[in-house]
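Atoms within each ligand, like the ligands themselves, are counted from 1 in listed order.
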Amino acid sequence: MSLLLDETNRLIIEEQLYDTEYLGTEASQLESGLNQEQKEVYEAIQQAVYQRNGGLFFVYGSGGTGKTYLWRTLISKLRSQNHVVIAVASSGITALLLPSGKTAHSGFSIPINIHEKSCCRISQGSSLAFLIQNTKLIIWDEAPTVHRHAFEAVDRTFRDIMQVINPAAKDQVFGGKTVVLGGDFRQILPVIPRKGRAEIVDGSISKSNTLWPHCKVFKLTMNMRLQGTADQIGKQELAQFSQWVLDVGDGKIPAIVMEGEEEPNWIEIPDDILLKDKGDKKKAIIQEIYPDLLNKYRDLNYLTERAILTPKNEGVDEINNYILGMIPGDEHIYKSADRICPFTNTSTNDEVLYPTEFLNTLQFPGIPNHEIRLKVGCPIILTRNISQSEGLCNGTRLIVSRLDTRVIQAKVVTGTNVGEQVAIPRVEVSPTDSTLPFTLKRRQFPVKFQESQVEVVSKFV
Ligand SMILES: Nc1ncnc2c1ncn2[C@@H]1O[C@H](COP(=O)(O)OP(=O)(O)OP(=O)(O)O)[C@@H](O)[C@H]1O
């Protein structure tokens, strides 16, 4: 089957638009810089691709060990030879680091509410099925953060798609494709609402009986970020900090049981990286992370280099409101239009049982709040994927340039389209996982004022 046969398939046409000469030069440069560990993985993956053996690989490496560099080398090399590579990541913000990267969910049409029998929404004969049949390599970054059911759904779907051109594919992992997963199990595991440690660990790709036994695991251990730091003191501090983070991940830092709790969930932070201000704690954090904020809050480099992470949404709102109050200018308040989805009405009395005022108070992870407060010049972050091609995905950071009634105009500050002016419309969103007896529909701008953000972090004392 030739890629050139199908001139109407948009996905295939996009794959034919790369500048192969440029990519070839880039691949040679990147290839010559690979360290020994990276080279070993690079060669094993290339062998699987060129010998058409297929295979499942996992590249296990902590932050800075050169996974993205390795992906870029593989992608440039194969695309320079007109081969199709699909590069996906579990989050939108990581997808932006991959050349023509997409989120795994949009790239493979993975259902949001996934279970052990799920399949992707890719039908036989579709453009995406044709692209997959012609793909030489799939790279999936940040794999440990996704539930194993998503990988199993992709595996099932690929077998189904590939058996059309190769009947043996139905018995091959990922239908005989070469698939490379990457990430670090010490970082964030799948988020499973209202479930405990056992369910979270069981949701990990390494617990998949159908996939993990077939997976060849490589380890990257050399911190390449440290190699690139010229300043000796900075390098030493970064090395110490990286080691401490690794030790936390490996469970080597002694954990403490707090009163009233059963498990040792707390660790002690070394004094040199701890803020010990006894007064206004929010002010102390903000001053430490954003010194001279009033003069620099429009400076792109200043903003992209820093963030405050909090374990809960309430913390984000508290810090954001504090900072917004410090920034000069008039505040704009955007209120959402909330309603109950008519198809899930549980009774005709819904409007009485769940008045709009009640709907407005509801908050869900990833869903904008009823009320958003913004000022011109303040940094915001997108909470939804709007357009991958324009670099507007969940996690993209922007700076507000104009606040209109129907759109927010803003300048992109992270990702692929830095410097672009974009208009963000209101969108209607629903929480995918809610214990409510109805489906909430909320029409709101998919943005958050963003100096701080939520992360799943350990507890610290
Ligand atoms: N072989 C190499 N030669 C030169 N620089 C490299 C090499 N490998 C990685 N780097 C550089 O080291 C830094 C960290 O690498 P990279 O971003 O690929 O790591 P990572 O494992 O993807 O990290 P993270 O998980 O934090 O995203 C980058 O600046 C990258 O360009």
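Short contacts between ligand 1 and Gly63, defined as distances under 4.0 Å to a heavy atom of the residue, involve ligand atoms 23 (O), 24 (P), 25 (O), 26 (O). Those atoms of ligand 1 with a heavy atom of Ser62 less than 4.0 angstrom away are 21 (O). Close contacts of ligand 1 with Asn35, meaning ligand atoms under 4.0 Å from a residue heavy atom, involve 1 (N). Taking every non-hydrogen atom of Gly33 and a distance limit under 4.0 Å, the qualifying atoms of ligand 1 come out as 1 (N), 2 (C), 3 (N).
Note that atom 28 (C) of ligand 1 has no protein non-hydrogen atoms nearby, at separations under 4.0 angstrom.
Protein heavy atom in closest approach to atom 21 (O) of ligand 1: Lys67 NZ, 2.8 Å. Gln38 NE2, 3.1 Å is the protein heavy atom nearest to atom 8 (N) of ligand 1. Atom 31 (O) of ligand 1 has its closest protein heavy atom at Tyr69 CD1, 4.0 Å. The nearest heavy-atom contact from the protein to atom 9 (C) of ligand 1 is Met224 CB, 3.4 Å. The shortest contact between atom 17 (O) of ligand 1 and any protein heavy atom is with Arg225 NH2, 3.6 Å.
Between Gly66 and ligand 1, at least one pair of N/O atoms sits closer than 3.5 Å. Taking any N or O of Thr68, backbone or side chain, at least one lies under 3.5 Å from an N or O belonging to ligand 1.
At least one side-chain heavy atom of Ile75 sits less than 4.5 Å from a side-chain heavy atom of Ile139.
Figure legend: Lys67 and Tyr69 shown without cation-pi pairing, the cationic atom not lying both under 6.0 angstrom from the six-membered ring centre and within 45 degrees of its axis.
No hydrogens or angles considered: nothing links the side chains of Asp292 and Tyr297 as a donor-acceptor pair under 3.5 Å. Using modelled atom types, one finds a donor on one side chain and an acceptor on the other under 3.5 Å when comparing Ser100 with Tyr18. Of the N and O atoms on the side chains of Gln227 and Asn223, not one donor lies less than 3.5 Å from an acceptor on the other residue. Side-chain contact check for Thr65 and Ser62: no donor-acceptor pair (N or O, by modelled atom type) lies under 3.5 Å.
Contacts between Leu34 and ligand 1, counted as non-hydrogen atom pairs separated by less than 4.0 Å, involve the backbone only. Residue-level proximity to ligand 1 for Gln227 is absent, since no heavy atom of it falls below 4.0 angstrom.
Between Phe108 and Trp140, the ring planes are tilted. Angles from 30° to 60° get that label. In this structure, Tyr60 and Phe58 have perpendicular ring planes: the angle between them is above 60°, well past the 30° mark.
Distances from ligand 1 to the non-hydrogen atoms of Gly64 include at least one value under 4.0 Å. Contact analysis leaves Gly182 out of contact with ligand 1, as no non-hydrogen atom separation drops below 4.0 angstrom.
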Carefully, step by step, assess Val376 and Leu403 under the rule side chain to side chain contact (heavy atoms under 4.5 Å, CB included).
-> CA-CA 7 Å; Val376 169; Leu403 294 166; 4.2 Å; yes
Considering only distance and modelled atom types, tabulate donor-acceptor pairs under 3.5 Å from the side chains of residues 31-38, sequence neighbours left out.
from: Glu31; atom 1: OE2; to: Tyr42; atom 2: OH; distance (Å): 2.6
from: Glu31; atom 1: OE2; to: Lys77; atom 2: NZ; distance (Å): 3.1
from: Ser32; atom 1: OG; to: Ser28; atom 2: O; distance (Å): 3.4
from: Ser32; atom 1: OG; to: Gln29; atom 2: O; distance (Å): 2.7
from: Asn35; atom 1: OD1; to: Glu37; atom 2: N; distance (Å): 3.1
from: Asn35; atom 1: OD1; to: Gln38; atom 2: N; distance (Å): 2.8
from: Glu37; atom 1: OE1; to: Thr221; atom 2: N; distance (Å): 2.8
from: Glu37; atom 1: OE1; to: Thr221; atom 2: OG1; distance (Å): 3.4
from: Glu37; atom 1: OE1; to: Met222; atom 2: N; distance (Å): 3.3
from: Glu37; atom 1: OE2; to: Thr221; atom 2: N; distance (Å): 3.4
from: Glu37; atom 1: OE2; to: Thr221; atom 2: OG1; distance (Å): 2.4
from: Gln38; atom 1: OE1; to: Asn35; atom 2: N; distance (Å): 2.9
from: Gln38; atom 1: NE2; to: Gly66; atom 2: O; distance (Å): 3.0

